[in-house]
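What follows is a single structure, written as structure tokens, with notes after it.
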Amino acid sequence: MNLATKLEQVKGVGPKTAAQLRSVGLETVGDLLAFLPRKHEDFTNVAPIVELKPGNVTIRARCEKINTRPVRRGLRLTTAVLADDSGKLNAVWFNQPYRTQQLGASDEYFFFSGVFEYNYGRYQLTNPSAELAKELPVQAERLLPVYRQLHGLKSQTVRKIIEQLRPLMSVLPETLPPSVVAHEALMSRADAISAMHFPRRAGDVVRARERLAFEELFQLILASQLNKIENQKLQGYQITFEPDVVRQFVSQLPFALTNSQRRAAWDILQDFEHATPMNRLLQGDVGSGKTVVAGIAARQAASAGYQTTLMAPTEILAAQHAETLRVLLSPFGVTVGLLVGSVKGAARAALYAQIANGDVDVVVGTHALFQDKVVFHNLGFVIIDEQHRFGVEQRQRLLGKSGVLPHLLAMTATPIPRSLALTVYGELDVSVLNELPGGRKPIKTSLVSPPSRDKIYQRVERELQAGRQAYIICGLIRDNPENDRKSVEAEYKKLKNSVFGHRTIGLLHGKMKPDEKDRVMRDFKDKKYDILVSTTVVEVGVDVPNATIMMIEDAEQFGLSQLHQLRGRVGRGKHQSYCYLMMSTNNKPSERLREIEKSNDGFYLAEVDMRLRGPGEIYGRMQHGALNLQIATLADTKLIARAQKAAQAFIASGDNLADYPDLAREVRRNQRLTTLN
Ligand code: ADP
Ligand code: MG
């Protein structure tokens, strides 16, 4: 038996189990050893029932009585009596009816991860996990690895097979360069994987996780540093800075640039002068004025004879950008075109022709820009708004429309915490707009408990009477029997038939057709509605300065960054704006919500969110889909800093990546994931 041995050849693995393993991508012995436990349960503190103290507890007990009943819509309650030699205890599970079948009367179980608490007038154990005591490893190692349950594959099954493979642990190869392992004083890979599957002490797991997490981060950061080096070898268009052109453009703006806008524009204009293509991220909170910065750069590019394209995630945003840029650029003879799905027929054909012969200098659009029919005359500058919404391939297709690689500016209002910027975006240069244009009043944010709802409706009414407009945000499109969250369809109806019967109300959600959505947004902008009841589709970029008040229903359900983005839809004009975070219960608000009540700073809130919820929640798609971090988290800033230093040292050492084939394979894979071009 070796690492390449197929799992079906391992003793005790039947055809059915082998098929199950294969269906989750585990084919060989090596695959299974690399399938690491999701967590470890600590059985070192099994307590007799009579001695339990409130908090997280583990007990060893029998289940004397159990039954499940529906309590209300969407809630089934399972209650049980658990007993050991010292006493009895009530246990409850919410929506886990399978416990009734799982827990037979005569067997002993370990119950763990449950909370022992005082609730409804008595002590009970809430939502414990359960493992059949006799199925636990014989020699009770007390720290029990728990594996992800995939497609019905039980943690128990995985544990048994891995037990068979134990002798192979010692032959697991080292995958990091030995110099790195030594310098960082890391566990060997063989020891780390062995400790994850067969931990003796909690300390083993900590050190094993450190080693494995370090390796993941090292691979990721090395990839982005290598990308940066490769980018610097690419040939781009050199665009010479023309002070008079830029000065003239800036002087006709109806406002003075903020210092950070000035700095960001300068960064870009300097990048333009280099022979290598720009690869820059422009981060700025909502309302910080990114579009103007892009406009300055587009002006300079046009003056040098290059076309610019700006890609936005939605038609309405594209139209908004086109309008803004047209106002800014047309006085200088720079022409702006808008290419979106709704431009059809002859108009579209004409636009294609103008793009191809260079009559249009700046082409703003949506995904429509990707189509093969779009051929540029001389594309020198690509701007992508809210770039995290686009996949790597889409970006590449756009960049491929130029002979030489054009300059790239990605703009985002999502504040990216430093640790994430170092890993995922390490190859990008970053400019930050960290101040709001003058004259803006900070939005006043308040948490609101259910009894104060009517008072808030009165405040909304007062704003409407003053000629302003309001947003009301709900998480759901329609009511869902599984939970009590508010939906836009139900709220829309309710408000129309009650407090706001005398007002015009618009309805907006993501299941509507794109042109319908655009119409509603435009109508709101044109003041045809006083109130817009919407899901989070209004999150990004929409600019209605007259909207000054927002209610966010079930505020507890949203992430901090998302609440902040939503809130940014108000406070965009000269009037004082308000945001009310409506709580669905009278419970004490969480630390998270109190933070957003206190702060208007998106970067600060992103850091808090990352600390409180972990980056997986915030950057979920990216973390699990693309980054594929199993052990490391982006919240571990200390380890990230170490990995960054180590990656730099590795590159500086002149050591050849190809000498470490396992590392090289992972680094190449990551290079494709994180690169922007
Ligand atoms: P975002 O960064 O959210 O994309 P925008 O570019 O849409 O911000 O700008 C928001 C609003 O602020 C726009 O109406 C824009 O004209 C205005 N604006 C931009 N820069 C300034 C400035 N320096 N002073 C005053 N208003 C500005
Ligand atoms: Mg914007």
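Whatever order the structure lists ligands and atoms in, that order sets their numbers, starting from 1.
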**Asked** In terms of the angle between their ring planes, are Tyr457 and Phe500 parallel, tilted or perpendicular, with boundaries placed at 30° and 60°?
**Response** perpendicular
Pairs of donor and acceptor atoms involving the side chains of residues 323-332, under 3.5 Å and at least two apart or interchain, shall be tabulated with distances.
unit_1: Thr324; atom_1: OG1; unit_2: Gln320; atom_2: O; d: 2.9
unit_1: Arg326; atom_1: NH2; unit_2: Val336; atom_2: O; d: 3.2
unit_1: Ser330; atom_1: OG; unit_2: Arg326; atom_2: O; d: 2.8

Identify, by atom number and element, the atoms of ligand 1 in contact range of [X], meaning under 4.0 Å from any of its heavy atoms.
X	value
Thr291	4 (O), 5 (P), 6 (O), 7 (O)
Pro437	20 (N), 21 (C), 22 (C), 24 (N), 25 (C), 26 (N), 27 (C)
Thr258	23 (N)
Ala256	22 (C), 23 (N), 24 (N)

**Request:** State, to 0.1 Å, how close Asp518 and Glu315 come at their nearest heavy-atom pair, and which atoms those are.
**Result:**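 Shortest heavy-atom contact: OD2-CB, 3.0 Å.
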For residues 458-466, please give each side-chain donor-acceptor pair under 3.5 Å, one per line with the distance, not counting sequence neighbours.
unit_1: Arg459; atom_1: NH1; unit_2: Tyr580; atom_2: OH; d: 3.3
unit_1: Glu461; atom_1: OE1; unit_2: His502; atom_2: NE2; d: 3.1
unit_1: Glu461; atom_1: OE1; unit_2: Arg503; atom_2: NE; d: 3.4
unit_1: Glu461; atom_1: OE2; unit_2: Gln465; atom_2: NE2; d: 3.1
unit_1: Glu461; atom_1: OE2; unit_2: His502; atom_2: NE2; d: 3.4
unit_1: Glu461; atom_1: OE2; unit_2: Arg503; atom_2: NH2; d: 2.9
unit_1: Glu463; atom_1: OE1; unit_2: Thr548; atom_2: OG1; d: 2.7

**Asked** Can the ring centres of Phe272 and Tyr237 be said to be less than 6.0 Å apart?
**Response** no
**Request:** State if Ser288 counts as touching ligand 1 under the rule of any non-hydrogen atom under 4.0 Å.
**Result:**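 Judged by the 4.0 Å heavy-atom criterion, Ser288 does count as contacting ligand 1.
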**Message:** Under 4.0 Å, counting heavy atoms only: does Met411 come that close to any atom of ligand 1?
**Reply:**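 No, that is not the case, since the closest heavy atom of the residue is not under 4.0 Å from the ligand.
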**Item:** Candidate pair Val432 and Val430, rule side-chain contact (heavy atoms from CB on, under 4.5 Å), full reasoning
**Value:** CA-CA 6 Å; Val432 178; Val430 180; 3.9 Å; yes
**Item:** Option of least heavy-atom distance to atom 7 (O) of ligand 1 (set: Arg262, Arg572, Gln320, Lys574)
**Value:** Arg572
**Message:** Just to be sure I read this right, does ligand 1 sit under 4.0 Å from the backbone of Leu257, its side chain, both, or neither, counting only heavy atoms?
**Reply:**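 It is the backbone that touches ligand 1; the side chain stays farther off.
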